[in-house]
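Just so it is clear: chains get the letters A, B, ... in the order the sequence lines come, proteins before strands, and each one is counted from 1.
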Amino acid sequence: MTLAFPKNTHLTVNPGQFVGIYPNDQTALLPRPISVCRWDEKEDMIRLVYRIAGKGTREFSGAGWGDTFNVTGMLGNGYDLSEMAGKSVMIIGGGIGIPPLLELACRLKEKPGTRVTAVLGYRDSNMFLREEFENASYRVYIATEDGSAGTKGNVLDAVREQGIAGNTDIIAACGPMPMLRAIKCFAGEHGIKAFISLEEHMACGVGACLGCVVKTKNVDEHSHVHNARICTEGPVFDAADVDI
Amino acid sequence: MTLAFPKNTHLTVNPGQFVGIYPNDQTALLPRPISVCRWDEKEDMIRLVYRIAGKGTREFSGAGWGDTFNVTGMLGNGYDLSEMAGKSVMIIGGGIGIPPLLELACRLKEKPGTRVTAVLGYRDSNMFLREEFENASYRVYIATEDGSAGTKGNVLDAVREQGIAGNTDIIAACGPMPMLRAIKCFAGEHGIKAFISLEEHMACGVGACLGCVVKTKNVDEHSHVHNARICTEGPVFDAADVDI
Amino acid sequence: MKPSMEINIAGVKFRNPVMTASGTFGSGMEYAEFVDLTKLGAVVTKGVASVPWAGNPVPRVAETYGGMLNAIGLQNPGIDVFCSRDLPFLEGFDTKVIVNVCGHTEEEYLEVVDRLADEKSVSMLEINVSCPNVKQGAIQFGQDPKCLAEITGKIKDRAKQPVIMKLTPNVTDISEMARAAEAGGADAISLINTITGMKIDVERQKFALANKTGGLSGPAIKPVAVRMVYQCAGAVRIPIIGMGGIATAEDALEFMLAGATGVAVGMMSFHDPETAVNVAAGIEDYLVRHNISDVNEIIGAVQV
Amino acid sequence: MKPSMEINIAGVKFRNPVMTASGTFGSGMEYAEFVDLTKLGAVVTKGVASVPWAGNPVPRVAETYGGMLNAIGLQNPGIDVFCSRDLPFLEGFDTKVIVNVCGHTEEEYLEVVDRLADEKSVSMLEINVSCPNVKQGAIQFGQDPKCLAEITGKIKDRAKQPVIMKLTPNVTDISEMARAAEAGGADAISLINTITGMKIDVERQKFALANKTGGLSGPAIKPVAVRMVYQCAGAVRIPIIGMGGIATAEDALEFMLAGATGVAVGMMSFHDPETAVNVAAGIEDYLVRHNISDVNEIIGAVQV
Ligand SMILES: Cc1cc2nc3c(=O)[nH]c(=O)nc-3n(C[C@H](O)[C@H](O)[C@H](O)COP(=O)(O)OP(=O)(O)OC[C@H]3O[C@@H](n4cnc5c(N)ncnc54)[C@H](O)[C@@H]3O)c2cc1C
Ligand SMILES: Cc1cc2nc3c(=O)[nH]c(=O)nc-3n(C[C@H](O)[C@H](O)[C@H](O)COP(=O)(O)OP(=O)(O)OC[C@H]3O[C@@H](n4cnc5c(N)ncnc54)[C@H](O)[C@@H]3O)c2cc1C
Ligand SMILES: Cc1cc2nc3c(=O)[nH]c(=O)nc-3n(C[C@H](O)[C@H](O)[C@H](O)COP(=O)(O)O)c2cc1C
Ligand SMILES: Cc1cc2nc3c(=O)[nH]c(=O)nc-3n(C[C@H](O)[C@H](O)[C@H](O)COP(=O)(O)O)c2cc1C
Ligand code: FES
Ligand code: FES
């Protein structure tokens with residue numbers, strides 16, 4: 001789905017940031033957090049890619065050009081581009097965690113000296129966004145659960161099979177929690193810095209309700225407990241800082 | 001608004017019957033009772049004329065051709081055409097009580113020997129459906145609250161001013177409760193049979209919830225108390241039978 | 001293979017767990033034209049008293065956000081008419097009948113219970129000690145655990161059919177009430193009845209209901225109902241019939257996973273008369289999809 | 001002529017009757033970018049305790065039909081951080097500040113109350129004895145009239161600001177609780193806190209919230225809240241701040257007509273951060289339209 005914003009909205013999008021979209025169905029009152037997949041700066045448009053999970057996404061998927069939604073955003077911090085510029089970055093996306101990483105790949109492509117390797121994990125041969133990643137990356141590796149393409153298994157199976165961890169400076173990952181846990185562990189073992197994007201059920205999206213926390217290693221600066229708000233301090237965290 | 005029903009619905013409409021239309025807004029779960037204003041037998045279509053009162057009617061008024069609604073009906077009893085055929089019938093409608101009477105006027109027109117006099121009470125010169133009634137009736141009298149057309153005052157003021165009660169066999173009325181009370185009283189005094197159509201908040205529309213009762217003079221056959229269900233035993237009652 | 005949908009409450013077998021909630025389906029007669037009654041687990045009738053009740057003045061119903069308020073005040077034609085008109089009608093259908101019983105006093109309840117003792121077509125009695133819309137008696141029985149245990153005991157002494165006590169959610173601790181019903185000998189409990197609410201028409205500055213307050217039902221209250229069923233399931237061993245806002249099979253499954261053996265569809269029948277039948281079909285689909293052969297396996301199966 | 005929107009609760013004057021509900025507006029900071037805080041009657045802060053609280057595990061929130069469940073568990077940074085960071089921020093705005101206070105024990109409440117005694121920018125204290133989401137203490141104070149009167153008295157002995165006791169709806173008789181708060185010396189009461197509810201994810205057969213139960217809020221519960229405000233208005237003389245599902249000016253007016261002096265917008269701020277500001281503007285429009293010169297005229301004005 002592509003969202004066009006009112007004239008002169010002048011969006012600024014950091015890759016990894018998300019929006020909160022409100023269903024028009026007034027029985028569903030909370031915003032749906034969806035990450036920006038691509039940002040068209042000139043047209044003030046963003047592209048969102050999502051899985052139909054329930055009420056809200058079902059409604060969105062039925063919408064056509066001309067339908068309107070209330071949207072809040074940009075929300076969250078996103079990936080730190082300056083830290084990644086000029087480095088060798090491995091982008092690891094699993095399933096519906098893949099779309100949020102496309103904007104990152106595209107933006108890193110513009111940074112001189114940055115080499116993006118993408119590892120994308122799919123269920124099967126329905127490899128959405130693969131081409132876009134191929135255009136934006138130095139190389140793309142594929143893993144599929146059913147083995148229909150690339151490495152049979154998950155993204156880390158592909159990383160290991162292809163032996164591509166060696167020259168990686170930074171990992172940027174998004175995907176299901178077991179994958180993120182494995183990456184946190186993998187990155188720790190290999191001494192690679194990993195930024196992971198987390199998901200949690202949200203009510204406000206702006207840091208007010210404390211609904212969306214993740215446990216942190218250290219006391220969080222805002223909350224003064226071992227909890228950081230994913231919507232505000234995240235969704236992108238240094239894997240070493242969170243206790244997942 | 002005009003509702004077209006699915007092919008082969010084969011509606012049969014008695015004038016005075018109503019439908020229950022469900023808003024698509026799922027925060028508003030109860031059917032909206034709206035009387036049939038006109039029935040197009042050949043096309044299986046009905047025309048509804050309504051006032052925008054709240055959530056539901058606001059939604060209906062925003063709908064266009066092609067939008068769909070769930071509808072139950074035909075509901076209620078309607079006016080007894082056979083009893084009125086061949087008689088002199090005075091149709092009295094007040095405000096949004098006018099539309100439900102149009103189908104009655106049109107159907108009575110087809111009955112040989114029936115003379116329909118219509119008395120229509122409006123707020124002001126916005127005299128909706130006046131022409132349709134003129135086509136269907138022997139004569140139409142108008143009352144307006146602001147005196148901008150016809151008799152200044154209410155429908156009974158018009159009846160009295162025009163001295164038209166004399167040769168009336170039956171009154172058929174629909175409108176606000178004070179008007180119906182006055183008509184019940186007037187009809188009683190003049191020994192004219194009056195059928196009045198009542199309104200009450202409904203939940204089921206089919207007689208199951210007992211939400212929509214009116215007090216009755218005698219013990220009601222269904223309820224065994226002095227209450228009849230407007231949605232099922234009504235909405236049209238012999239004025240002499242109800243205690244309003 | 002078709003999963004087994006049959007449930008058993010106090011020895012009574014129901015074709016499937018989905019019933020109609022009392023007061024929202026008339027005596028079955030009103031909906032028989034829209035709904036195949038034989039596809040229901042049971043028809044639960046509108047509350048019936050020893051004599052006809054006139055109920056409350058109108059307006060008796062008001063719509064609210066995702067629900068409705070009602071203050072019908074238990075209008076009913078009395079047990080004699082019920083037995084001579086409504087029961088024979090229901091006997092024409094192959095479905096279980098549960099009669100909802102109301103009263104102002106102990107004696108009134110017992111009169112109805114006695115009168116139904118020999119009605120073979122009545123499978124169970126559901127005792128409404130929880131209606132918030134009648135002035136005298138009734139709800140006190142449902143808000144005081146001692147009274148509840150006592151009246152349950154008295155009814156059990158006389159009833160020939162198994163007895164379901166229907167609980168009100170308008171209490172601090174529902175599990176205490178469930179235990180009281182069980183202690184009194186109830187064969188089952190059903191919950192929740194409506195939550196007391198109010199609506200004001202701000203333009204006219206008047207109450208929307210003539211009775212001022214009414215009982216809130218519908219999807220809006222479902223989370224409260226599921227919670228209470230879960231609490232009761234942890235507090236008593238007798239079976240539970242869960243209700244409150246059920247609109248879909250998923251809603252019904254929430255209740256069953258929380259511990260309900262049966263479920264009932266209430267106001268959503270007003271929204272779509274086929275709701276109950278669709279809920280039953282949807283539960284069966286779910287069982288097939290999850291490869292569960294018997295609906296009883298999901299009762300209380302929520303993972304802790 | 002512009003109608004007067006000012007209300008007065010226990011000697012504190014509020015620009016208008018519309019506040020934010022505790023826990024749904026952070027400390028004001030989070031929404032200051034979206035909302036003009038000076039258009040609010042007051043900012044009511046998230047509950048604050050004597051020391052930082054970590055709250056409950058996630059998931060902490062779940063959407064329901066026309067509402068939501070939350071089991072945040074009163075995570076908060078503790079009163080020290082609150083006073084050094086959040087209060088100074090709020091002092092930058094010309095708006096009243098009401099601090100919501102939580103605790104597990106009497107002592108914990110009193111510690112916070114003492115610590116706030118000299119904070120001039122705090123207009124009132126709202127004591128949360130009604131959070132259903134923390135294991136120990138807290139809600140017991142709110143469900144037992146004796147405990148409630150007692151803790152109210154102790155807090156009143158020490159507090160330098162007027163005290164609002166926030167009541168839980170999870171009781172059999174809310175008016176009894178209101179009377180207990182009044183007897184204990186409360187300057188005002190606020191209600192309702194959330195109604196305990198539960199949601200089960202039927203596909204995964206798991207609780208939607210890690211805490212199993214959570215507090216239900218939103219438009220779904222409004223009729224219950226309005227009813228309770230009306231009951232309390234008939235039971236006590238102290239002012240009432242009403243909340244529960246307010247989304248529009250009409251909703252707020254229902255509460256005021258039922259007897260609330262002030263109102264608060266809770267979860268609907270998540271749906272639209274400007275809800276509270278729009279509600280205030282809408283009340284003013286209503287007064288103009290109905291030719292009412294002072295908002296105080298509509299308090300409790302529903303016709304019987
Ligand atoms: C920061 C962030 C970014 C996301 N980006 C994407 C994306 O780019 N593409 C995509 O397909 N999905 C994304 N998700 C997941 C997406 O938010 C949910 O799939 C969506 O909210 C489901 O809404 P629904 O109404 O269809 O489902 P329902 O089950 O009807 O939703 C009910 C409630 O639960 C919440 N909810 C349900 N699933 C999730 C979930 N996985 N995470 C958070 N809240 C949930 C909904 O927001 C809503 O409040 C993201 C989640 C987060 C937190
Ligand atoms: C038998 C019958 C026939 C009717 N025929 C017509 C007609 O032909 N044209 C017309 O304009 N109006 C008619 N009405 C009134 C019409 O039903 C209401 O105006 C309409 O339901 C308002 O719905 P809403 O969602 O716009 O208002 P809301 O105020 O949002 O409705 C809230 C709830 O109150 C009910 N309600 C509100 N006002 C009324 C009312 N006056 N009578 C019954 N229920 C009400 C609604 O059905 C709904 O359940 C009729 C009513 C009855 C009982
Ligand atoms: C219009 C109406 C009438 C009701 N009458 C009765 C009744 O007679 N006896 C009873 O025990 N419950 C009665 N109830 C309560 C329902 O049986 C049910 O417990 C409640 O509505 C919650 O279910 P729901 O949310 O699915 O409607 C009535 C409910 C409604 C809406
Ligand atoms: C996410 C969330 C957090 C809350 N935290 C608090 C709190 O800290 N203290 C408190 O007294 N009430 C708290 N509440 C209750 C609200 O202040 C309010 O009483 C309740 O939500 C009903 O209002 P609403 O329906 O408008 O949301 C919280 C509610 C929500 C939704
Ligand atoms: S969603 Fe409210 S704090 Fe993150
Ligand atoms: S609306 Fe239910 S009986 Fe008439």
For [X] and [Y], indicate whether the former's side chain and the latter's backbone hold a donor-acceptor pair under 3.5 Å.
X: D/Asn296; Y: D/Glu6; answer: yes
X: D/Asn16; Y: D/Gly41; answer: yes
X: C/Lys199; Y: C/Glu63; answer: yes

Residues of residues 145-152 of chain C near chain D, each having a heavy atom less than 4.5 Å away: none

Those residues of residues 281-292 of chain C that come under 4.5 Å of chain D on a heavy-atom basis, listed by number, are C/Tyr286, C/Arg289, C/His290, C/Ile292

Distance from [X] atom [atom1] to [Y] atom [atom2], nearest 0.5 Å?
X: C/Met243; Y: C/Lys166; atom1: CE; atom2: NZ; result: 4.5 Å
X: D/Ile200; Y: C/Leu257; atom1: CD1; atom2: CG; result: 5.5 Å
X: C/Leu191; Y: C/Gln231; atom1: CG; atom2: CD; result: 9.5 Å
X: D/Ile221; Y: D/Arg227; atom1: CD1; atom2: CZ; result: 11.5 Å

For residues D/Ser217 and D/Thr194, is any side-chain donor paired with an opposing acceptor at under 3.5 Å? no

Top residue by heavy-atom pair count (under 4.5 Å) with chain C, among [options]?
options: D/Pro219, D/Gly67, D/Gly66, D/Ala62; value: D/Pro219
options: D/Glu250, D/Met228, D/Met256; value: D/Glu250
options: D/Val229, D/Val226, D/Thr64, D/Asp251; value: D/Val226

Student check: side-chain heavy atoms of [X] and [Y] closer than 4.5 Å:
X: C/Cys232; Y: C/Ile174; result: yes
X: D/Ile72; Y: D/Asn56; result: no
X: D/Asn278; Y: D/Asp272; result: yes
X: C/Met19; Y: C/Ile241; result: yes

Who wins among C/Ala301, C/Pro169, C/Ala220 for the most heavy-atom pairs under 4.5 Å with chain D? C/Ala220

If the condition is ring-ring contact (aromatic ring centres under 6.0 Å, His included), which residues does D/Phe270 pass it with, not counting sequence neighbours? none

What closest approach, in Å, do C/Ile189 and C/Ala181 show between heavy atoms, and which atom pair accounts for it? CG2-CB, 3.7 Å

Using the rule given for salt bridge (Lys or Arg N to Asp or Glu O under 4.0 Å), can you reason through D/Lys222 versus D/Glu254, listing the C-alpha separation, both sets of side-chain angles and the distance that settles it, and then say yes or no? CA-CA 9 Å; D/Lys222 192 190 63 179; D/Glu254 274 195 79; 2.7 Å; yes

Structural part of D/Val304 lying under 4.5 Å from a heavy atom of chain C: both

Using heavy-atom distances under 4.5 Å, tell me whether D/Leu253 contacts chain C through its side chain, its backbone, both, or neither. both

Taking non-hydrogen atoms and a cut-off under 4.5 angstrom, which of residues 202-209 of chain D neighbour chain C? D/Val202, D/Glu203, D/Arg204, D/Gln205, D/Lys206, D/Phe207

Here's a test for you: under side-chain hydrogen bond (donor to acceptor under 3.5 Å, both in side chains), which of C/Thr213, C/Asn170, C/Thr168 qualifies with C/Thr196? C/Asn170

Between C/Ile298 and chain D, with a heavy-atom cut-off of 4.5 Å, which part of the residue counts as in contact: side chain, backbone, both or neither? side chain

